[in-house]
K.L.:
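Dumping the structure here so I can ask a few things about it.
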Amino acid sequence: MKDRFQLRYAAGRYWLLDMKQEGLAFRRPVCLNEPGALIWRKLCEGRTREEIADELCGRFGLERQEALEDCGLFIGQLQKQGILAEEEG
């Protein structure tokens with residue numbers, strides 16, 4: 001995951017880039033907001049959803065249940081897009 005996709009900050013936004021694209025099939029960079037970028041970094045560190053939710057609560061003032069739901073939705077979207085495998089996250 002972190003070898004293939006890298007998080008970059010450019011033009012005032014976070015971008016998730018596929019660094020191993022080959023051929024004509026081009027995967028556009030995925031634009032992330034600040035909480036999304038935090039979730040991505042923590043997933044790359046091997047953190048659990050619960051640990052990431054706690055960090056979201058502390059950093060963005062979310063309720064724990066809301067942070068868990070947001071984290072789950074974000075991870076689900078990454079899995080749907082083929083960026084994360086089902087067992088990741």
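Heavy atoms only: backbone and side chains are in, while hydrogens, waters and symmetry mates are out.
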K.L.:
How many angstroms lie between atom CD1 of Ile75 and atom CG of Leu43, to the nearest 0.5 angstrom?
P.N.:
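So the CD1 of Ile75 and the CG of Leu43 are separated by 4.5 Å.
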K.L.:
Is the closest side-chain heavy-atom distance between Ile39 and Leu78 below 4.5 Å?
P.N.:
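A side-chain contact under 4.5 Å is absent here.
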K.L.:
Check the surroundings of atom CD in Glu63: do more than 12 heavy atoms from other residues, nucleotides or ligands lie under 6.0 Å from it?
P.N.:
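No, the 6.0 Å shell around CD holds no more than 12 heavy atoms from other groups.
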K.L.:
What pairs of residues pass the side-chain hydrogen bond (donor to acceptor under 3.5 Å, both in side chains) test when at least one of them lies in residues 68-78, not counting sequence neighbours?
P.N.:
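Checked against side-chain hydrogen bond (donor to acceptor under 3.5 Å, both in side chains) - neighbours excluded - the pairs reaching residues 68-78 are Gln65-Glu69.
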K.L.:
Measuring from Lys42:NZ to Asp54:CG, what's the distance to the nearest 0.5 Å?
P.N.:
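Going from the NZ atom of Lys42 to the CG atom of Asp54 covers 11.5 Å.
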K.L.:
Grouping I, L, V, M, F, W and Y whenever their side-chain heavy atoms are under 4.5 Å apart, do Leu7 and Phe74 come out in a common cluster?
P.N.:
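Yes, one cluster joins them.
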K.L.:
Which residues pass the side-chain hydrogen bond (donor to acceptor under 3.5 Å, both in side chains) test with Arg41, not counting sequence neighbours?
P.N.:
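In terms of side-chain hydrogen bond (donor to acceptor under 3.5 Å, both in side chains), with neighbours along the sequence ignored, Arg41 is linked to no residue.
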K.L.:
May I have the list of side-chain donor-acceptor pairs in residues 28-38 shorter than 3.5 Å, sequence neighbours left out?
P.N.:
from  : atom 1 : to    : atom 2 : distance (Å)
Asn33 : OD1    : Gly36 : N      : 2.8

K.L.:
Flag the pair Trp40 / Phe5 as yes when at least one side-chain heavy-atom distance between them is below 4.5 Å, and no otherwise.
P.N.:
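Yes - at least one pair of side-chain heavy atoms lies under 4.5 Å apart.
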K.L.:
So which atom in Leu68 and which in Glu50 form the shortest heavy-atom distance, rounded to 0.1 Å?
P.N.:
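That would be CD2-CA, 4.1 Å.
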K.L.:
Is the shortest heavy-atom distance from the side chain of Asp18 to the side chain of Lys20 under 4.5 Å?
P.N.:
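The answer is yes; the side chains approach within 4.5 Å.
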K.L.:
Which atom names give the shortest non-hydrogen contact between Arg64 and Cys57, and what distance separates them?
P.N.:
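That would be CA-SG, 3.4 Å.
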K.L.:
What is the distance from atom CD of Glu45 to atom CD of Glu51, rounded to the nearest 0.5 Å?
P.N.:
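Here the interatomic distance stands at 9.5 Å.
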K.L.:
Using the rule that two of Ile, Leu, Val, Met, Phe, Trp, Tyr join whenever any of their side-chain heavy atoms come within less than 4.5 Å, decide whether Leu62 and Ile52 are in one cluster.
P.N.:
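Shared cluster, yes.
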K.L.:
Would you indicate whether Arg13, at its atom CZ, is surrounded by more than 12 heavy atoms from other residues, nucleotides or ligands within a distance under 6.0 Å?
P.N.:
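Open.
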